[in-house]
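The structure appears right after this line, and notes come after that.
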Amino acid sequence: MKLGFLGTGALTAAIVTGLKSGADNPVSVVLSPRNEEIAANLASRFPNVRVAADNQAVLDACDTVMLAVRPQIAHQLLPELRFRRDHHLISLIATLSREEIIGLTAPVSRVTKALPMPMIAHRLGATIIYPPDPGVRALLGGLGNVIEVDSSSEFDALSVVTATYATYFKYLDTIHRWLEAHGVPDTKGRDYLYRGALQGAGTRSGDADFTHLAQDYATRGGINEQVLGDLTARNVFDALTESLDSVHRHISAAGAT
């Protein structure tokens, strides 16, 4: 397979790193020169990775192409390029619907939406894809879990989850800074957060019910119950739900245009 990328940012770097870090990976990668520094770095680190002269050269060299450009750039860039009917496009642009991508890349008809996260570089995390596609599942399956969904509405709802990651890391950062302020060395605090208390709490089973996990940890009269109660009283979780609703409206509205 020759896999092309239009757009060479952090997510492209993560995917290429995950793919080429595996033993004897046969995928040949062609990168657009959009971000020269990232593209050159990837080409220097991994075999069978090269930088094309321009975006059209990526399309001319590859049958499978990942679209990893910003939405506002996509509207301008994609109609200027010459796509082939046999191209398979994998769109990483969360706010552009599959139908909109098809409209911007005619005569292409095979378009798959995918949403991997940066931890894919370490072969961790999950990637959602729509519609189900055996080729995309095989390509990304070695980089973590692949979750295939059957509708654009389900894909949009799951996409909203990715909007919570920065908040999650800020949550950990707040705890880490609190530990430092109370005399815990930086490395010990990080080790405890990353490898200790929180790492496996919610991942003991794929069927774990989060409500019951919260109840299990919030022992009556205990300190977990105290923090959970304080945040609930301050409507933190109601505010989170409202924020998720707002992001969902944004993604759904963008996909409907």
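Heavy-atom basis, side chains included; hydrogens, waters and symmetry copies ignored.
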- Query: Does the side chain of Arg98 come within less than 4.5 Å of Pro131's, by heavy atoms?
  - Reply: yes
- Could you tell me whether a side-chain N or O of Ser252 sits under 3.5 Å from a main-chain N or O of Arg249, the two making a donor and an acceptor? no
- Applying side chain to side chain donor-acceptor pair (under 3.5 Å), name anything that partners Thr17, two or more places apart in sequence or on another chain. none
- Report the distance from atom OG1 of Thr187 to atom OH of Tyr194, rounding to the nearest 0.5 Å. 13.0 Å
- Closest non-hydrogen atoms of Ala57 and Ala53, given as atom of the first, atom of the second and distance, are CB-N, 4.1 Å
- Query: Does His250 reach the main-chain N or O of Ser246 with its side chain, forming a donor-acceptor pair under 3.5 Å?
  - Reply: no
- Message: My understanding is that only residues two or more places apart in sequence, or in another chain, count here; which of them pass side-chain contact (heavy atoms from CB on, under 4.5 Å) with Val108?
- Response: Phe83, His87, Leu89, Thr105, Val111
- Go through Thr64 and Lys2 one step at a time and tell me if the side chain to side chain contact (heavy atoms under 4.5 Å, CB included) criterion holds. CA-CA 7 Å; Thr64 302; Lys2 277 192 174 182; over 6 Å; no
- Message: Filter on salt bridge (Lys or Arg N to Asp or Glu O under 4.0 Å), then keep only pairs touching residues 47-76, sequence neighbours left out; what's left?
- Response: Asp63-Arg84
- Shortest non-hydrogen contact from Glu180 to Asp186? OE2-OD1, 3.4 Å
- Message: Rounded at 0.5 Å granularity, tell me how far OG1 in Thr164 sits from CZ in Phe169.
- Response: 9.5 Å
Scan the side chains in residues 221-241 for donor-acceptor partners under 3.5 Å anywhere in the protein, sequence neighbours excluded, and list what turns up.
residue : atom : partner : partner atom : Å
Glu225  : OE1  : Gly221  : N            : 2.7
Thr232  : OG1  : Leu228  : O            : 2.7
Arg234  : NH1  : Asp230  : O            : 3.3
Thr241  : OG1  : Phe237  : O            : 3.1

- Candidate pair Ile73 and Arg34, rule side chain to side chain contact (heavy atoms under 4.5 Å, CB included), full reasoning: CA-CA 11 Å; Ile73 296 175; Arg34 172 70 185 177; 3.4 Å; yes
- Query: Would His75 and Leu104 count as a side chain to side chain contact (heavy atoms under 4.5 Å, CB included) if you check the C-alpha gap in whole Å, the side-chain angles of each, and the deciding distance to 0.1 Å?
  - Reply: CA-CA 7 Å; His75 280 286; Leu104 292 170; 4.1 Å; yes
- Which residues pass the side-chain contact (heavy atoms from CB on, under 4.5 Å) test with Asn145, sequence neighbours left out? Ala126
- Task: With sequence neighbours excluded, tell me which residues meet side-chain contact (heavy atoms from CB on, under 4.5 Å) with Ser151.
- Result: Ser153, Glu154
- Task: Indicate the atoms forming the closest heavy-atom contact of Val65 with Leu59, along with that distance.
- Result: CG2-CD2, 3.9 Å
- Tell me, please, which residues at least two apart from Asp245 pass salt bridge (Lys or Arg N to Asp or Glu O under 4.0 Å). none
- Who else is in the cluster with Ile90 when I, L, V, M, F, W and Y are joined by side-chain contacts under 4.5 Å? Met1, Leu3, Phe5, Leu11, Ile15, Val16, Leu19, Val27, Val29, Leu31, Ile38, Leu42, Phe46, Val49, Met66, Leu92, Ile120, Ile129, Val136, Leu139, Leu140, Leu143, Val146
- Query: According to the side-chain hydrogen bond (donor to acceptor under 3.5 Å, both in side chains) rule, which pairs have a member within residues 125-136, sequence neighbours left out?
  - Reply: Arg110-Asp133
- Message: Are there over 12 heavy-atom neighbours, none belonging to Gln72, within less than 6.0 Å of that residue's CD?
- Response: yes
- Note on the structure: Heavy-atom nearest pair, Ala39 first then Ser32, reads CB-O, 3.9 Å
- Query: Residues in side chain to side chain donor-acceptor pair (under 3.5 Å) with Glu36, at least two apart?
  - Reply: none
- Task: Could you identify which residues cluster with Val51, counting Ile, Leu, Val, Met, Phe, Trp and Tyr as linked when any side-chain heavy atoms lie under 4.5 Å apart, either directly or through a chain of such contacts?
- Result: none
- Query: Run the side chain to side chain contact (heavy atoms under 4.5 Å, CB included) check on His248 and Ile251 step by step: do they pass?
  - Reply: CA-CA 5 Å; His248 188 250; Ile251 290 176; 5.7 Å; no
- Would you indicate whether Arg177, at its atom CZ, is surrounded by more than 12 heavy atoms from other residues, nucleotides or ligands within a distance under 6.0 Å? no
- Sidechain-backbone polar pair: Arg123 side chain, Gly144 backbone, donor-acceptor under 3.5 Å: no
- Note on the structure: In short, Ala74 meets Pro79 closest at the heavy-atom pair O-CD, 3.7 Å
- Atom OG1 in Thr112, atom CD1 in Ile101: separation rounded to 0.5 Å? 11.5 Å
- Item | Pro132: partners by side-chain contact (heavy atoms from CB on, under 4.5 Å), with sequence neighbours left out | Glu148, Asp150
- Query: Taking His176 for the side chain and Gly189 for the main chain, is one N or O donor matched with an acceptor at less than 3.5 Å?
  - Reply: no
- Spacing of Leu67 atom CG and Ile93 atom CD1 [to the nearest 0.5 Å]: 5.5 Å
- Distance col, row Leu115:CG vs Ile128:CD1, nearest 0.5 angstrom, shows 4.5 Å
- How close do Ala52 and Val30 get, heavy atom to heavy atom, and via which atoms? CB-CG1, 3.7 Å
- Query: Does Lys170 pair with Asp173 as a salt bridge, N-O distance under 4.0 Å?
  - Reply: yes
- Measure the spacing between CD of Glu99 and OG of Ser152 and express it to the nearest 0.5 Å. 6.0 Å
